[in-house]
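Notes follow the structure.
Letters A, B, ... mirror the listed sequences (proteins, then strands); counts begin at 1. Note that these values count all heavy atoms, side chains included, but never hydrogens, waters or copies made by symmetry.
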Amino acid sequence: MEEVEIVEILAVLDRLYPQAACALTHRNPFELLIATILSAQCTDLRVNQVTRELFAEGADPQAMADLGLERIRQLIRGCGLFNNKAANILATCQKLLALYGGRVPDTREALEALPGVGRKTANVILSNAFGQPAIAVDTHVFRVAHRLGLSGGVNPRRTEEDLMALIPRERWSHSHHLFIFHGRNLCQARRPQCGQCPLQAACKYYQGSLDLETGNHR
DNA sequence: ATCCCGAGGG
DNA sequence: CCCTCTGGAT
């Protein structure tokens, strides 16, 4: 089996998930920040809906902070983990106002110091809103990259480095979304749909699941 | 049962 | 490293 080039893999995913190209459009840093905080344990469809409703009442950090904890909690109730997220969103808005004039900072240090913002969310903002060198690795990106043999699968931090070394920089923020969609639609954790996956020829996981005796898959 | 774009705390 | 936090969808 000859090695499949990363650009070829990305091209296949591009064709498979054209929606990923739209995932980056028309979002200011603040909206992207809040939507990303909301995204944990919650479908993107719901995140988009909840974000719309939240921003209808509080479109900037000041207006959102003015809503107060209870109102924010109500508005984002459709998302999972809303109790934590509501407190984090309020505290983050207050911190943006107190320290950064209501603007989203563009350094990793400042971003990760915001309540509810960890490395993954900071990477999304950095690469997606500010065009800075970062690849956000969540559970989907981690798993898909590991299965495709693009990363050793040691830890997310290592996967960031491996992917940045492999993928042309102009595609970093976009490939993040491609892996997300793939991880959700076909390359799921427990029941990957390998039979429908167009990346079989490139996939170490698929090839590893081949029983060499029989040629069948386990 | 398992999944959904994590983070913070012990 | 482990645990918890949410509830709806499939």
**Q.** P spacing across the pair C:dC3 / B:dT2, given as an integer number of angstrom
**A.**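 Pairwise P distance, C:dC3 against B:dT2, rounds to 16 Å.
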
To the nearest Å, how far apart are [X] [atom1] and [N] [atom2]?
X: A:Arg157; N: B:dG6; atom1: CZ; atom2: C1'; result: 16 Å
X: A:Asn88; N: C:dT4; atom1: CG; atom2: P; result: 19 Å
X: A:Arg191; N: B:dC4; atom1: CZ; atom2: C1'; result: 15 Å
X: A:Ile89; N: B:dG6; atom1: CD1; atom2: P; result: 15 Å
X: A:Leu81; N: B:dG9; atom1: CG; atom2: C1'; result: 15 Å
X: A:Leu45; N: C:dG7; atom1: CG; atom2: C1'; result: 15 Å
X: A:Asn123; N: B:dG6; atom1: CG; atom2: P; result: 14 Å
X: A:Arg77; N: C:dC5; atom1: CZ; atom2: P; result: 15 Å

Q: Check the pair A:Val154, A:Phe142 against side chain to side chain contact (heavy atoms under 4.5 Å, CB included), reporting the backbone distance first and the verdict last.
A: CA-CA 9 Å; A:Val154 182; A:Phe142 183 74; over 6 Å; no

Check residues 131-139 of chain A and write down every donor-acceptor pair under 3.5 Å in which the side-chain atom is one partner and the other belongs to a residue at least two apart or another chain.
residue: A:Gln132; atom: NE2; partner: A:Asp106; partner atom: O; Å: 2.9
residue: A:Asp138; atom: OD1; partner: A:His140; partner atom: N; Å: 2.8
residue: A:Asp138; atom: OD1; partner: A:Val141; partner atom: N; Å: 2.9

Under 4.0 Å between any heavy atoms, over every strand shown, what does [X] touch: base, sugar-phosphate, or nothing? Just pick one.
X: A:Val117; value: sugar-phosphate
X: A:Arg46; value: sugar-phosphate
X: A:Ala189; value: sugar-phosphate

Q.
So if I take every side-chain heavy atom of A:Thr121 and compare against C:dC5, B:dA7, B:dC4, which nucleotide ends up nearest?
A.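 From the listed options, B:dA7 comes nearest.
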
Q. Residues two or more places apart in sequence or in another chain: which of them pass salt bridge (charged side-chain N to carboxylate O under 4.0 Å, His left out) with A:Arg108?
A.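 For A:Arg108 the salt bridge (charged side-chain N to carboxylate O under 4.0 Å, His left out) partners, ignoring immediate neighbours, are A:Glu112.
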
Q: Report the residues that fulfil ring pair (Phe, Tyr, Trp, His ring centres under 6.0 Å) with A:His176, sequence neighbours left out, ordered by chain and then residue number.
A: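 With neighbours one apart ignored, the set is empty.
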
Q | All ring pair (Phe, Tyr, Trp, His ring centres under 6.0 Å) counterparts of A:Phe30, not counting sequence neighbours | A |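 A:Phe30: ring pair (Phe, Tyr, Trp, His ring centres under 6.0 Å) contacts with A:Phe55.
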
Q.
Filter on salt bridge (charged side-chain N to carboxylate O under 4.0 Å, His left out), then keep only pairs touching residues 166-180 of chain A, sequence neighbours left out; what's left?
A. A:Asp14-A:Arg171

Q: Could you list all the salt bridge (charged side-chain N to carboxylate O under 4.0 Å, His left out) pairs where at least one residue sits in residues 117-131 of chain A, not counting sequence neighbours?
A: A:Arg119-A:Glu160

**Q.** Heavy-atom side-chain proximity of A:Ser39 to A:Asp44 below 4.5 angstrom
**A.**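 No, every pair of side-chain atoms sits at 4.5 Å or beyond.
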
**Q.** Shortest non-hydrogen separation from A:Met64 to A:Gly58 and the atoms involved
**A.**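 In this case the closest contact between A:Met64 and A:Gly58 is CE-O, 3.1 Å.
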
Q: Residues of residues 36-43 of chain A with any non-hydrogen atom less than 4.0 angstrom from an atom of DNA chain B: list those, numerically ordered, please.
A: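 Per residue number, the list reads A:Ser39, A:Ala40, A:Gln41, A:Cys42, A:Thr43.
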
Q) When you measure from every atom of DNA chain B, which of residues 108-116 of chain A have a heavy atom less than 4.0 Å away? A) A:Leu114, A:Pro115, A:Gly116

Q. Does A:Gln188 or A:Arg119 map to a spot on DNA chain B nearer the 5' end, using the closest nucleotide for each?
A. A:Gln188

**Q.** Pairwise side-chain hydrogen bond (donor to acceptor under 3.5 Å, both in side chains) hits with a residue in residues 84-98 of chain A, at least two apart
**A.** none

(Q) Counting only side-chain nitrogens and oxygens, does A:His140 get under 4.0 Å of the OP1 or OP2 atom of B:dC4? (A) yes

